[in-house]
Amino acid sequence: MYYHGVVNGLVDKKVLDILKKREISSASRLGYTKRIGFNENDFISICSNMGEEVYGTGVNNAFNKYIKNNFCFVISDSIKAEKPVYVPNASKMGVLELFNLRQNNPDKRFSDIIDEYQVKDYISFENIVAIGIPYNLKIEDGYIILSKFCSLTADEFLELINKVESVASDLGILVVDSSSKEFATMFDEEKKVKN
């Protein structure tokens, strides 16, 4: 399985926009064209779950940072996803050095996150297996913090959850608790059955 987390900016708006469009879209498909970063404008960052053997080493990973305890989408591993070349020291590299790395290797994708994959343009809802909702987020000073720029009251958070659950139910998509201990291994059994 692959995962895509919604963690930056106005999380509630982004989640509802994805549900409305029935796809996860790249920046350029959404009309944003000045993005920087390894996924640039035309690719969507997703990740696989590499497990605690890898994550326990303290390596930079998306699963613990962007998926667990966040709104996320669980995606079928049947989609076409590209595994970027892992650049573990990217945070120590200068902007020019990173730019040159990409310019000198136009046929390759890069990432400073070990479990990242990238998908070009969009991910259709036909490939969504489940939607993760962080049911157990803590209330701080009367608000639930979803990102640096997005805080909701308990009532607003409950309203968002109800909307997400309703759309998921209408589409026949499973809803799971991304804040539960079982979430990290929830789809491992399905993987074993396929193999």
Side-chain angles (χ1 to χ4, degrees), residues 1-27 30 32 35 37-39 43-52 54-56 58-77 79 81 111-119 122-123 125 127-169 171 173-188:
M1 293 296 154
Y2 294 115
Y3 303 84
H4 175 76
V6 183
V7 297
N8 297 318
L10 300 174
V11 173
D12 55 339
K13 182 182 179 328
K14 284 183 174 182
V15 169
L16 294 175
D17 284 350
I18 289 170
L19 294 175
K20 184 178 175 184
K21 284 184 154 209
R22 305 287 194 269
E23 74 174 35
I24 301 168
S25 305
S26 67
L30 292 170
Y32 310 131
R35 288 191 61 167
F38 289 106
N39 62 342
F43 287 84
I44 301 160
S45 292
I46 61 174
C47 72
S48 64
N49 180 359
M50 296 180 82
E52 280 309 306
V54 173
Y55 300 149
V59 69
N60 188 20
N61 72 86
F63 192 79
N64 287 322
K65 199 172 186 180
Y66 303 122
I67 307 303
K68 283 172 55 176
N69 297 309
N70 289 299
F71 280 93
C72 63
F73 294 87
V74 182
I75 304 160
S76 167
D77 54 12
I79 65 167
S111 176
D112 61 342
I113 299 176
I114 196 164
D115 53 358
E116 181 174 3
Y117 285 77
Q118 296 173 357
V119 176
Y122 71 97
I123 299 167
F125 257 49
N127 296 300
I128 302 298
V129 174
I131 298 173
I133 296 176
Y135 288 102
N136 297 316
L137 293 180
K138 294 178 185 155
I139 297 176
E140 298 175 23
D141 298 323
Y143 290 92
I144 295 171
I145 312 298
L146 296 180
S147 79
K148 196 163 131 181
F149 303 104
C150 185
S151 305
L152 303 176
T153 64
D155 288 343
E156 291 168 334
F157 185 64
L158 185 58
E159 184 180 331
L160 175 60
I161 287 173
N162 288 336
K163 284 179 184 174
V164 172
E165 287 176 338
S166 176
V167 172
S169 175
L171 296 173
I173 296 174
L174 179 68
V175 173
V176 295
D177 184 355
S178 66
S179 57
S180 73
K181 289 181 184 175
E182 297 79 28
F183 179 71
T185 57
M186 191 173 287
F187 296 97
D188 288 354

Which atom pair, heavy atoms only, marks the closest approach of [X] to [Y]?
X      : Y      : result
Val119 : Ala81  : CG2-CB, 4.0 Å
Val11  : Val6   : CG1-O, 3.5 Å
Ile144 : Ala154 : CD1-CA, 4.2 Å
Asn69  : Leu137 : O-CD2, 3.7 Å
Asn127 : Ile123 : CB-CG2, 4.3 Å
Cys150 : Leu10  : CB-CA, 4.1 Å

Find out whether [X] and [Y] are in side-chain contact, i.e. whether some heavy atom of one side chain is under 4.5 Å from a heavy atom of the other.
X      : Y      : result
Phe63  : Ile113 : no
Lys21  : Leu30  : yes
Ile131 : Val167 : no
Val54  : Asp115 : no
Phe125 : Ile173 : yes
Ile46  : Ile79  : yes
Ile75  : Ile128 : yes

Using 0.5 Å steps for rounding, measure from the [atom1] atom of [X] to the [atom2] atom of [Y].
X      : Y      : atom1 : atom2 : result
Ile133 : Phe157 : CD1   : CZ    : 7.5 Å
Met1   : Ser48  : CE    : OG    : 12.0 Å
Lys181 : Lys68  : NZ    : NZ    : 11.0 Å
Leu160 : Leu146 : CG    : CG    : 7.0 Å
Ser169 : Leu174 : OG    : CG    : 11.0 Å

**Report entry** Listed once per pair and sorted, the salt bridge (Lys or Arg N to Asp or Glu O under 4.0 Å) pairs that draw on residues 132-159, sequence neighbours left out
**Finding:** Glu159-Lys163
Requested in this report: Could you tell me whether a side-chain N or O of Asn60 sits under 3.5 Å from a main-chain N or O of Asp112, the two making a donor and an acceptor?
Outcome: yes
Query raised in the report: Quick check: does any side chain N or O of Ser178 sit under 3.5 Å from a backbone N or O of Asn70, one acting as donor and the other as acceptor?
Result: yes
State which residues pass side-chain hydrogen bond (donor to acceptor under 3.5 Å, both in side chains) with [X]; sequence neighbours excluded, sorted by chain then number.
X      : value
Tyr135 : Glu165
Tyr66  : none
Ser147 : none

Report task. Evaluate whether atom OH of Tyr122 has more than 12 neighbouring non-hydrogen atoms of other residues, nucleotides or ligands under 6.0 angstrom away. Result -> no
Requested in this report: Tell me, yes or no, whether the heavy-atom count around Tyr55 atom OH, taken from other residues, nucleotides or ligands under 6.0 Å, exceeds 12.
Outcome: yes
Query raised in the report: Can you name the ring-ring contact (aromatic ring centres under 6.0 Å, His included) partners of Phe71, sequence neighbours left out?
Result: none
Report task. Can you tell me which residue pairs pass the side-chain hydrogen bond (donor to acceptor under 3.5 Å, both in side chains) test with a partner in residues 1-14, sequence neighbours excluded? Result -> Lys13-Asp17
